[in-house]
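Worth knowing before you read on, the calculation uses all heavy atoms, side chains too, and leaves out hydrogens, waters and symmetry mates.
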Amino acid sequence: MIRYLYRSLLVCSVLVVTACGFHLRGSPGSIPMTFKTLSIVGENKTVLAQTLADVMRGQVIMIPAPAPAEVIVELGKVEHTKHVSTKDSQGRVSEYRLYSNVTIQAYAANKDQLIKPVTLSISRTLSTGNGYDTGIDLELSRLYGTMDAELANQIQYRLRAIKLNAQK
């Protein structure tokens with residue numbers, strides 16, 4: 001009887017997840033890209049460029065920078081900055097405001113501009129506590145990593161909106 005209840009619960013949960021339209025990224029139900037190959041130029045050694053390549057892999061074929069691709073994404077300099085947001089009564093920093101900025105643009109293989117230069121920005125708040133100064137650097141690097149992943153997703157959304165001439 002308990003086995004039957006667990007199986008029924010499992011089947012119901014699977015039906016609920018599929019009924020809400022859930023699907024994995026890159027699964028056949030998602031909107032396909034209108035181009036097949038992509039090249040990332042500019043700041044290629046950054047975490048953002050590597051994360052963008054990981055996000056796009058499986059949706060398009062990644063081509064190394066000198067080789068021609070249907071769409072070329074140019075990443076500008078990725079800037080991570082940290083500003084003091086608030087201090088406590090003893091004058092110690094209790095919050096930082098973190099910013100990540102990158103300028104992107106995209107071109108077709110024939111050098112037609114698909115995405116005009118645009119600066120993408122993300123900001124987050126990093127709260128610090130008394131006595132936790134040793135973990136701030138680790139938390140800071142992790143937070144910048146998640147911010148880079150969000151920037152990569154924003155770039156992916158802009159790339160998904162590209163419609164090449166043959167497929168308008």
Side-chain angles (χ1 to χ4, degrees), residues 13 16-17 20-27 29-67 69-108 113-162:
S13 63
V16 166
V17 169
C20 74
F22 173 81
H23 63 275
L24 296 173
R25 184 184 331 173
S27 63
S30 65
I31 300 169
M33 295 283 189
T34 61
F35 53 92
K36 303 271 190 246
T37 59
L38 176 73
S39 180
I40 300 172
V41 297
E43 298 282 328
N44 290 357
K45 303 296 183 210
T46 62
V47 174
L48 176 61
Q50 294 168 357
T51 305
L52 179 61
D54 290 342
V55 166
M56 296 303 293
R57 199 166 283 118
Q59 301 177 51
V60 294
I61 299 169
M62 300 301 297
I63 305 290
E70 288 180 277
V71 174
I72 299 133
V73 176
E74 185 177 321
L75 296 178
K77 184 178 182 193
V78 180
E79 297 176 343
H80 295 295
T81 57
K82 175 176 78 169
H83 300 286
V84 174
S85 181
T86 59
K87 293 184 178 183
D88 62 9
S89 60
Q90 285 91 24
R92 286 182 258 159
V93 176
S94 59
E95 273 187 357
Y96 291 103
R97 193 71 183 160
L98 308 175
Y99 298 93
S100 287
N101 301 317
V102 65
T103 301
I104 66 159
Q105 54 186 334
Y107 297 96
Q113 195 167 37
L114 301 170
I115 299 175
K116 293 183 181 187
V118 62
T119 300
L120 303 177
S121 300
I122 293 180
S123 64
R124 296 285 182 269
T125 301
L126 173 63
S127 298
T128 61
N130 293 335
Y132 296 108
D133 292 337
T134 57
I136 290 175
D137 292 335
L138 181 61
E139 183 67 24
L140 185 69
S141 66
R142 286 182 180 170
L143 199 51
Y144 279 138
T146 58
M147 291 168 74
D148 284 342
E150 190 170 331
L151 282 172
N153 282 329
Q154 286 186 16
I155 295 169
Q156 176 202 12
Y157 299 146
R158 284 168 172 76
L159 292 174
R160 190 170 291 283
I162 291 175

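- Of the candidates Thr125, Asp148, Leu98, Leu98 is the only one forming a side chain to side chain contact (heavy atoms under 4.5 Å, CB included) with Leu143.
- Checked against side-chain hydrogen bond (donor to acceptor under 3.5 Å, both in side chains), Gln154 has no partners two or more places apart in sequence or in another chain.
- Evaluation of the side-chain hydrogen bond (donor to acceptor under 3.5 Å, both in side chains) rule for Ser100 yields His80 as partners, not counting sequence neighbours.
- Contacts of Thr86 classified as side-chain hydrogen bond (donor to acceptor under 3.5 Å, both in side chains), with partners at least two apart in sequence or in another chain: Ser94.
- Partners of Lys87 by side-chain contact (heavy atoms from CB on, under 4.5 Å), not counting sequence neighbours, listed by chain and number: Val84, Val93.
- Interatomic distance, Tyr96 OH to Ile136 CD1, rounded to the nearest 0.5 Å: 5.5 Å.
- Contacts of Arg158 classified as salt bridge (Lys or Arg N to Asp or Glu O under 4.0 Å), with partners at least two apart in sequence or in another chain: none.
- Looking only at side-chain heavy atoms (C-beta outward), Val102 and Thr46 stay at 4.5 Å or farther from each other.
- The salt bridge (charged side-chain N to carboxylate O under 4.0 Å, His left out) contacts involving residues 93-107 comprise nothing, where partners must be two or more places apart or lie in separate chains.
- Partners of Ile61 by side-chain contact (heavy atoms from CB on, under 4.5 Å), not counting sequence neighbours, listed by chain and number: Thr37, Ile63.
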- Trace of the side-chain contact (heavy atoms from CB on, under 4.5 Å) decision for Leu75 with Val73: CA-CA 6 Å; Leu75 296 178; Val73 176; 4.2 Å; yes
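- If you take CG on Leu52 and CD1 on Ile155, they are separated by 5.0 Å, rounding to the nearest 0.5 Å.
- Considering only residues two or more places apart in sequence or on other chains, Tyr107 meets the ring pair (Phe, Tyr, Trp, His ring centres under 6.0 Å) condition with none of them.
- Counting all heavy atoms, side chain and backbone alike, Ala152 lies closest to Leu48 at N-CD1, 3.6 Å.
- A distance of 10.0 Å separates OG1 of Thr103 from CD of Glu74, quoted to the nearest 0.5 Å.
- Contacts of Val60 classified as side-chain contact (heavy atoms from CB on, under 4.5 Å), with partners at least two apart in sequence or in another chain: Met33, Phe35, Leu38, Met56, Met62.
- In this structure, Leu159 and Ile115 have side chains that are in contact, with non-hydrogen atoms separated by less than 4.5 Å.
- Taking every heavy atom of both residues into account, Ala106 and Val71 meet most closely at CB-CG1, 4.4 Å.
- Atom CG of Leu120 and atom CE of Met147 lie 12.0 Å apart (nearest 0.5 Å).
- Asp54 is listed as a side-chain neighbour of Arg57, based on a closest heavy-atom distance under 4.5 Å.
- Nearest approach of Ile40 to Ala53, heavy atoms of both residues: CD1-N, 3.9 Å.
- Residues Gln113 and Gln105 share a closest heavy-atom pair of NE2-OE1, 3.2 Å.
- For Glu150, the salt bridge (Lys or Arg N to Asp or Glu O under 4.0 Å) test picks out Arg124, with sequence neighbours left out.
- Applying the side-chain hydrogen bond (donor to acceptor under 3.5 Å, both in side chains) test to Ser85 and every residue at least two apart in sequence or in another chain returns nothing.
- Partners of Thr81 under the side-chain contact (heavy atoms from CB on, under 4.5 Å) rule, at least two apart in sequence or in another chain, are His83, Tyr99.
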